Each structure stands twice: as structure tokens, then as C-alpha cells.
Amino acid sequence: MLAMKQRSCALLGAAGDEDNGVGGDADHRTRKANTHKKRFRKKIESEEDEDGEVIARGAAERQVKRRTSDEGSESEEERLCDQREREQLEQNIRERDTAATRKLTEPKLLRREKEEAMRRSDALEKNGLEALRRVSRQEYLKKREQKKLEELRDDIEDEQYLFDGVKLNEAEYLELRYKKEIYELVKKRSEDADNTSEYRMPEAYDQEGGVNQEKRFSVALQRYRDATAAGKMNPLAEQEAWEEHQIGKATLTFASKNKKQISGDHQFVFEDQIDFIKASVMDGENTIDDEESTEREKSTAALEEERKTLPIYPYRDELLKAVHDHQILIIVGETGSGKTTQIPQYLHEAGYTMRGKVGCTQPRRVAAMSVAARVSQEMGVKLGHEVGYSIRFEDCTSEKTLVKYMTDGMLLREFLGDPELASYSVVMVDEAHERTLSTDILFGLVKDIARFRLDLKLLITSATLDAEKFSDYFDSAPIFKIPGRRYPVDIHYTKAPEADYLDAAIVSVLQIHATKPCGDILVFFTGQEEIETAEEILKHRTRGLGTKIADLIICPIYANLPTELQAKIFEPTPEGARKVVLATNIAETSLTIDGIKYVIDPGFCKMKSYNPRIGMESLLVAPISKASANQRAGRSGRTGPGKCFRLYTAYSYHNELEDNTLPEIQRTNLASVVLTLKSLGINDLLNFDFMDGPPCEALLKALELLFALGALNKLGELTKVGRRMAEFPLDPMLSKMIVASEKYECSDEIISIAAMLSIGNSIFYCPKEKRVHAYNARMNFHTGNVGDHIALLKVYNSWKETNYSTQWCYENYIQVRKMKRARDVRDQLEGLLKRVEIEVTSSPNVEAIKKAITSGFFPHSARLQKNGCYRTVKHPQIVHIHPSSGLAQVIPTPRWVLYHELALTTKEYMRQVTELKPKWLLEIAPHYYQLKDVDDRSGFPTIL
DNA sequence: GAGCACTGC
């Protein structure tokens, strides 16, 4: 019983330590944690001691933790055990201490040998990179520091711990010496760098590297060049075309010029008008009119000149000095200041790349690619050589890469192989204000590393609003401000709140169209449905206006829109016409449309939120934040002064909107985050230094799930299974499914299913006018009521059989783009299978495949109720089969089902459902289900 | 008989 309690405490990280928190909030959180502990303990009591595959490390640390978290234990038995443990701990400490003193007295020669051996094994471990034998990051760092301290100890011979004339104890003295030494080293190196006036530019590497590498570079470069020859969208490569287009924008600007001014006196009177009040002007800064030229090929000299016109240029030396003087720097710069392209170049020119790479993270793939392409052009080198980028499915870097752009998730993955980012001298986290999940985790990790690696420079760039917060988080790091280049934007609010924002938005569009001078309009909506409705109404209303009014070109844009149609928004507006772009949040950050002069902002967006208690995600319409509203407004001031019409009152803006959008980490399922952190050796998650910690309940839920999946043992440590799971960039349940497929010898099928599941639920395309056809096509894959998982497998395999035919996709109402992505994911998973030593085996046995799925998704089981609904087994909750499922209309209704996810829309729906035999639950997850769970009390006889 | 903001590994 006692052991049980200790286990649960350790598993929960430092839940017990929480009482040291601040005020009543901590109390509340502790109480919550305690109820979870109780629940957890119950679960653990039903456990057997079978999966003891622990990667032993930090044992003493754990003991300390267990001791502290168990304070206040009641029984005599517990106290005795506690006593024993304390003795053990003290024994450990004694041993360690004597070992340390022994080291000090041993002859130097012997010690050198030992150190050499240690160094070699360090190097081995570091370079070995063998996933399963990876050394934990913390252990590695500790060892490294220890070694350094020992070296310092050698130097102290007179036993006088004087540092700058102050007498210190040994520990303090060593620490200071350690820090000072590294500081001196860094200073010397950078001084050396400063004194060198010339930097050797490596030659082209044409002879080096494999053929593939070479081919890849040229393809990447070609892509970049081709992108500027816009308009040629290859229907066979939608995704690529889309990305090409995005890259093209790095050098191209589309602007509508010289449009005819619409005469001020017009005879149209719309039924309703909205009164706007101009309330404020968002100031423009540095409004120099030198937009990037549209010329494609430019001499290096011309590019060099262009670089000098960027707003950041006058701050170059000041910035470099700040970087030199401070380890961590917060940089505030508006879009257009050139920070993303210039800072890494400045750092390179200042010699920082001589002792490691300059890494720069971006939240989006396209941004990483296009910026890298731009910078390589500016530096006059081949993309992929000195300047490269690294995104999922595409690593365009080489050994010679000095400046590396990458997605933030990619850097996170790099942590797994390189626990202290040894190959980097500077890490720049760009667009930090967006607070993506990966960025938030990176913050914690880089902050930690910076404490050990004093030679590592850290740059965090953010928008103005929360710079202070970043500074506070990074130990009061100095803030460096760079002005952006933006035109002023007039902000207008409505006089009174609008009841129907959709209607109000349409009225405003017409109002602007009829009364304001030329310039395109951008309207923000929440989703596809709204956009389609708005499009219809607008078309209807403009139809009757005849030729008295200029043409209104309506362009919808949302992520699920087929790419050919998306390209339409980038076409220049014909003379005399006006373009109105109806967009989702995609236009807020992900893509930039030039020529926009008016923005209409209804103030809403769809936001995902997660309920950890029942494990359900929901997508709800919610008011945007002030930061978001300003971002939207700024979209109108890119090519000239703009106007933003907000469909809410100034009062609402100031008093009702939040300052910032809730960071993603606080509203998402954390299972995969927790697995990643655990595999980085971070065991104490509740005390991990998050900038904004996620809800305690969500963390506990994630731990609970990972424990059930066998990824964590009872002490909350990563097991071998967990270590293998962490290799896959997927949700842990999908990863578990893959790991389990080894046992059922169907890994080939399972990775196809995992790939299909991971790309989401928009594989089937369903145009309104062809609904019946689309439905029939979809149902073809469901013959035999095999369930949605197997149906997805059928879709993938059929596509493969047609040699990945685009035509086949059109015929079957399937989105080619998504299928291509699934193929990429599948290829990646196949590669990773080798890494975790799972053979690719194919099995025709459907039951085996379903069992493998069950191994990952057993917590997601539901049983039929008398009334035809389903109820989830473990955390009782009434749910329904989603109508898009192949099992939605099957008769007889399956009694037991397994679902991929729960989603709250109009009802609580299960998406992607497969029939299940209850005996599998007992067979596969005996630790999770007991007989009474699958024993039927609902009136149906259970078939076991 | 419903519906799917947006990213990322």
C-alpha cells in the first residue's frame, strides 16, 4: 500500500510539492491534483508489476523527490520505510562524496586516463545517436558540468577560494570560476572574430556529397526560381504549387495600380447602413516608399543596396553589440523590418558562425523555405549550402550549413538527438508572439540550456504587445526595439454592437464598394460555411446593380479550398474592378495578400479548446484578442495607408477583448508534449519552467494516458515502449498502435492507417451540388462494414494501386493534396520503423490489424446503450457515431466500438469508428479493463 | 443525416 502511494506520487512528478506555490490558487490546484492522485492510486492498485523496463537514471534525485512528496505520511509502517529510505539516501550521498574526494587525491596521470575514457564514451554516446540507447539530456549536461568542475578543482592548489578578493566556499568558488572561464573563452573568441576582417566563403561543394544531395539542392533552387514565373500551377502537384507560390512572394509583389476612382456621388442607396466612428489611427512607421522590386535576377550589389534600405540596417552595429554583451536578447520588430532575413546574416558576418550554426525557427514551413531562399540569394550562395532550411519531409542543409532556418517543431525534434544543441552558437526563435505549442516548449528548453551553455546566444523576437512578458520570463533579458515599415491604418468602430455580424460584414463591403476609393477589401470570417454563405449573398446583392457600379470580384479563401481556387486571390485586380477577399484566419498570419486597403473585422474566429476531464476537443466560435485584432488591422497597411472597420464597438475592444490569445499549450491535448518532454529526460513536468503552464488537469490526464499505454512506468519514467513511441511524430495513441503492430505482424497496414488518421478528417471532398455522388463514392470503401479505419486503409491502397493517380482521386471525391501528404507521412513512418527496429510486415488478417489498432486506442472504447446511443466505457459519457462514418447506418448497430477521437459540435460525436470485440479489451489492456467493465448490464448479452 | 479555424513534427 505504501509503495503504491510512493509510486503514484512519483508518477505525478512533484504534485506534492505544489503546496509551496503561491496563495489560494495553489491550494486549489493541489486539491485538484489530490483527487487525481486518488483516482490514479486506484488504477495502480489494480496493476501488476510487469513492465519494469526502466531506464535507470537519476535514482537519488527521485528518492529525494519521493521523500519530500511523502511528508506527512501517517502510519508507523510508512515512517519506518521512510527511515530506511533516508538511510539509503544518506549512504548514497556518502559514497558519492568519498568518490569525489578520491578523485581529488588520485594521481593526476591515472585521472587523465579516466577522463580520456570518459570523454570517449561521451563522444560515443553523443555521436552514436542510436535512438534507444540515447543518454538523457540532463544526465549529459550534469556529467559535462561535473567534468568541468573537476578540471577546475585541479587548479586549486592553495585551497584559497578567493574570487575578486571575496572569500567564498568551495561550491560558490567553483561555480564562479566555471562561469568566468567560459565567459573569457567566449569573449576571446568573439574578439578574435571581430579582428578578422575577412571571412572565408567556402567554395561550391560540387564534388562533395552524394548525388541525391546535389539533386535535392538543385530541385530546391529550381523551385525557388520557377516560383517567380507565376501562374503556372501544376495540377499534379497542388501542394508544391501552393508552396511555390508562397516562395514566389519573397520577391514578387502584386499590386493593383492606377485604378479608376469611383465617383463620389452615386445613386445607390442600400437598405441598411452601418455607422462607423473613426476612433484611432494605428501609426505607421518609417513609411519609406521602397517596396521590394519585382525584378527576378539581381546582381549581388543591387541586393546589397537593397539590404541597406531595410529599417533594421541603421541598428546593425548596435544590435551586434547587444548580442555580444548579453546572452539572451528580446528583439521587438514589426513585420517588414527585415529582422528574419537580416539578423542571421549580421551574426554570420560578425563571425558567430565560426563556432557553430546560427539557427532560426519559424512557425510555418513555407516561411522557413522562402526566407532561406531569400537569404541564400542575398548572400550569393547556393540554397542548401551555407544557407539552408529544414522542415518535415525535406532537409535542405548540408554539413557546411552555417545559417539554418527551420520550423520550430523541427528544432524540438533536434533536441532529441542533440540534447544541448552543441552545433549551434546562436538560436533565434522568430515570431515568438504567436506562441505555438512548439515555441512554448522550446522556450523552456532553450532557457534551461542557456544556463549551462554560456557561449550560446539566444534571440527571441516578438511583436510589441508582450515583449515585457518575454523579458520577465528570460530572467529580465534586455529588449531591443526595431521599428517596422508599415503605413498608418485608420481604425473605425461601430456605434452600436451588431447583432448579426455576417450581415453587417456584407453591408459594410457594399458600403465601401460604393463610396470609397479603389483598393481591395479583406473580410475575416470564422469558417468555410460562413464564407460560402457570404459569397452567395454578395453575388445576389451585386447582381441587380448593373454597370453603374464597378465590378466586385469575390474571392473566397480557406485552407481546405482546392489550391487552384486559392491561387485566384493572388491575381492582380483588373482595372476598374474591386476585389473582395473572404478569408478565415488563414489571412491573419499564414498568407499575405497585397493590394488590400480595407479590412473588415467582425471580431470572431474559431478556436480549438480541449476538455481534459472527458478528453474531448471542440471547435468553437470565440471573440478574438486585441493582438489578433491589431494583426488583422495591419493587413490593410502593407502597400499603402489603409482602413480597418471593426464590427464591434470601441468599448468592446477596450473592455471585452483579451489582450492576447490563450496560448495553444493551455488549450490542447498534451499527451504528445508530455511524451516528448519525458524522452528529453524531463521527469518533473509540473515544475517544468513553462512560460504559461498548461492546466494541471491536462498534464495529469496526459500522464495517465501515457501510463495506460505503457509509455511510462509506475514511477513516471519512460519505458522502452515509450522510448520507441517518442520516435514517431504522431499522437501517442497512434505511435502505440504502430509499436504494437510488430506483435501482430501488420506494420505495413498500420502505418498506412496511422498516416491517414494523422492527416485529419478532410480527406473526402464533398461539393454541395454533388453530394449524392460523393456519398456513394465514399461508401464504396465501406463494403462489408469493416469500419472506418480499414476503409481508410482501402482508400490508401486503392490509390497506390492506381499508381497514385490524381484522376482516381477526382473520380472518388478525394482530396489529392491530403493523399499526397498521407504518402509523405507514410514514407516517413516507414523510415522510422527501421530506426526502432520494427520489420515492415504485411498481413491480410483484418482481425490482427484491428487488434493492433486496439492496442493503441483501447482507452477510446464505447458500448451501445438501450436507447441507441453509445457510452464511453472508462469515463462514462454519452456519445454518437458521426454521420460521416461508414458505421453510422449499419444494421445491426455494432455493440462495441473503438473511436479515433471525440469531437463536440452539435452533439458529442465519435469520428473514425471501428467495431470491436470486448474480449480484445481484456486481452490487450488487462491493466485498464476489468471483467466488470466489459460485463454487460445494459440488457444485451455480451459475446466474449 | 452532419460539417471541417490554423499550424507543426
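The structure displayed is predicted, hence computed values, not measured ones.
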Undergrad: To the side chain of A:L619, which of B:dG1, B:dT7, B:dA5 is closest?
TA: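 The listed nucleotide nearest to A:L619's side chain is B:dA5.
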Undergrad: Starting the side chain at C-beta, find the nucleotide from B:dC9, B:dC4, B:dG3 nearest to A:R413.
TA: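 Between B:dC9, B:dC4, B:dG3, the one nearest the side chain of A:R413 would be B:dC9.
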Undergrad: Please tell me which of the listed nucleotides, B:dC4, B:dA2, B:dC6, lies nearest to the side chain of A:K907?
TA: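 Minimum distance to the A:K907 side chain belongs to B:dA2.
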Undergrad: Quick one: label A:R364 by what it contacts on the DNA or RNA (base, sugar-phosphate, nothing), any heavy atom closer than 4.0 Å.
TA: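 Result for A:R364 = sugar-phosphate.
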Undergrad: By the 4.0 Å heavy-atom rule, please label A:Q528 as base, sugar-phosphate, or nothing.
TA: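 Base: the residue A:Q528, judged by heavy atoms under 4.0 Å, touches a nucleobase.
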Undergrad: Rounded to whole Å, how long is the line connecting atom CG of A:D430 with atom P of B:dT7?
TA: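 One finds 18 Å between P of B:dT7 and CG of A:D430, rounded.
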Undergrad: Hey, does A:L412 have a side-chain heavy atom less than 4.5 Å from the side chain of A:L445?
TA: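 They are in side-chain contact.
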Undergrad: What is the distance from NZ of A:K608 to P of B:dT7, rounded to the nearest Å?
TA: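 Between P of B:dT7 and NZ of A:K608: 13 Å.
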Undergrad: Nearest-Å distance, CG (A:L662) to P (B:dC6)?
TA: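 Computing the A:L662:CG to B:dC6:P distance gives 20 Å.
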Undergrad: Please classify the nucleic acid contact of A:F728 as base, sugar-phosphate, or nothing, using heavy-atom distances under 4.0 Å.
TA: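 Result for A:F728 = nothing.
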Undergrad: Base, sugar-phosphate, or nothing for A:Y775, non-hydrogen atoms under 4.0 angstrom?
TA: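 Counting heavy atoms under 4.0 Å across all strands, the contact made by A:Y775 includes a base.
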Undergrad: Report the distance from atom CG of A:N560 to atom P of B:dC4, rounded to the nearest whole Å.
TA: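 About 11 Å, once rounded to whole Å.
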Undergrad: Taking the side chain as everything from C-beta on, heavy atoms only, tell me whether A:M756 gets closer than 4.5 Å to A:Q912.
TA: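 When only atoms from C-beta onward are counted, A:Q912 and A:M756 do not touch, as no gap falls below 4.5 Å.
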Undergrad: Nearest to the side chain of A:A559, heavy atoms from C-beta on, is which of B:dG3, B:dC9, B:dC6?
TA: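 Among B:dG3, B:dC9, B:dC6, the one nearest the side chain of A:A559 is B:dC6.
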Undergrad: Please compare A:Q889 and A:L904 by the position of their nearest nucleotide in DNA chain B and report the one closer to 5'.
TA: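 It is A:Q889, whose closest nucleotide lies nearer the 5' terminus.
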Undergrad: Ignoring the backbone of A:K606, work out which of B:dC6, B:dG3, B:dA5 is nearest its side chain.
TA: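 Closest nucleotide among those given: B:dA5.
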Undergrad: Quick one: is B:dC9 close enough that its OP1 or OP2 comes under 4.0 Å of any side-chain N or O from A:R365?
TA: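 Yes, because at least one side-chain N or O of A:R365 sits under 4.0 Å from OP1 or OP2 of B:dC9.
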Undergrad: Please check if the distance between the ring centroids of A:F470 and A:F443 is under 6.0 Å.
TA: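 Yes, close enough.
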Undergrad: In terms of the nearest nucleotide of DNA chain B, which residue is placed more toward the 5' end: A:S758 or A:R667?
TA: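 Looking at DNA chain B, the more 5' nearest nucleotide goes with A:R667.
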Undergrad: Answer yes or no: is there an ion pair linking A:E414 with A:K404, defined by an N-O contact shorter than 4.0 Å?
TA: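 Salt bridge flag = yes for A:K404 with A:E414.
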Undergrad: Which part of the nucleic acid, if any, lies within reach of A:T906 when heavy atoms closer than 4.0 Å are counted: base, sugar-phosphate only, or nothing?
TA: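 Answer is sugar-phosphate: A:T906 comes under 4.0 Å of backbone atoms only.
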Undergrad: State, without any angle test, whether A:N776 and A:Y813 hold a side-chain donor-acceptor pair at a distance under 3.5 Å.
TA: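 A:N776 vs A:Y813: no donor-acceptor pair found between side chains.
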Undergrad: If you compare every side-chain N and O of A:R911 against the phosphate oxygens of B:dG3 (OP1, OP2), does one of them come in below 4.0 Å?
TA: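 A:R911 to B:dG3 OP1/OP2: no side-chain N or O under 4.0 Å.
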Undergrad: Identify whether any heavy atom of A:M410 sits under 4.0 Å from a base atom; if not, whether one sits that close to sugar-phosphate; answer base, sugar-phosphate or nothing.
TA: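 The answer is sugar-phosphate, as A:M410 gets under 4.0 Å only of primed atoms, P, OP1 or OP2.
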Undergrad: Grab the CG-C1' distance between A:L829 and B:dC9 for me, whole Å please.
TA: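 Taking atom C1' of B:dC9 as the reference, CG of A:L829 is at 11 Å.
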Undergrad: Reckon A:Y558 touches a base, only the sugar-phosphate, or nothing at all at heavy-atom distances under 4.0 Å?
TA: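 It contacts sugar-phosphate atoms only.
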Undergrad: May I ask you to say whether A:D824 pairs ionically with A:R392, meaning some side-chain N is under 4.0 Å from a carboxylate O?
TA: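 A salt bridge is absent here (no side-chain N lies under 4.0 Å from a carboxylate O).
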Undergrad: What nucleic acid atoms does A:T584 come within less than 4.0 Å of, heavy atoms only: base, sugar-phosphate, or nothing?
TA: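 Sugar-phosphate, backbone atoms only, no base.
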Undergrad: Below 4.0 angstrom from OP1 or OP2 of B:dT7, is there any side-chain N or O of A:T407?
TA: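 Result: no.
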Undergrad: Rounded to whole Å, how long is the line connecting atom CD of A:E617 with atom C1' of B:dA5?
TA: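 Spelled out: CD on A:E617 to C1' on B:dA5 is 13 Å.
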Undergrad: Apply side chain to side chain contact (heavy atoms under 4.5 Å, CB included) to A:R778 and list each qualifying residue two or more places apart in sequence or on a separate chain.
TA: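 Here the qualifying residues are A:F764, A:Y775, A:S884.
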Undergrad: Expressed as a whole number of angstroms, how long is the span from A:R435:CZ to B:dC6:P?
TA: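 So the two atoms are 22 Å apart, to the nearest Å.
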Undergrad: B:dG3 phosphate, OP1 or OP2: any side-chain N/O from A:T905 under 4.0 angstrom?
TA: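 A:T905 to B:dG3 OP1/OP2: side-chain N or O found under 4.0 Å.
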Undergrad: Please state how far atom CG in A:L442 lies from atom P in B:dC9, giving the value in whole angstrom units.
TA: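 In whole Å, B:dC9 P lies 12 Å from A:L442 CG.
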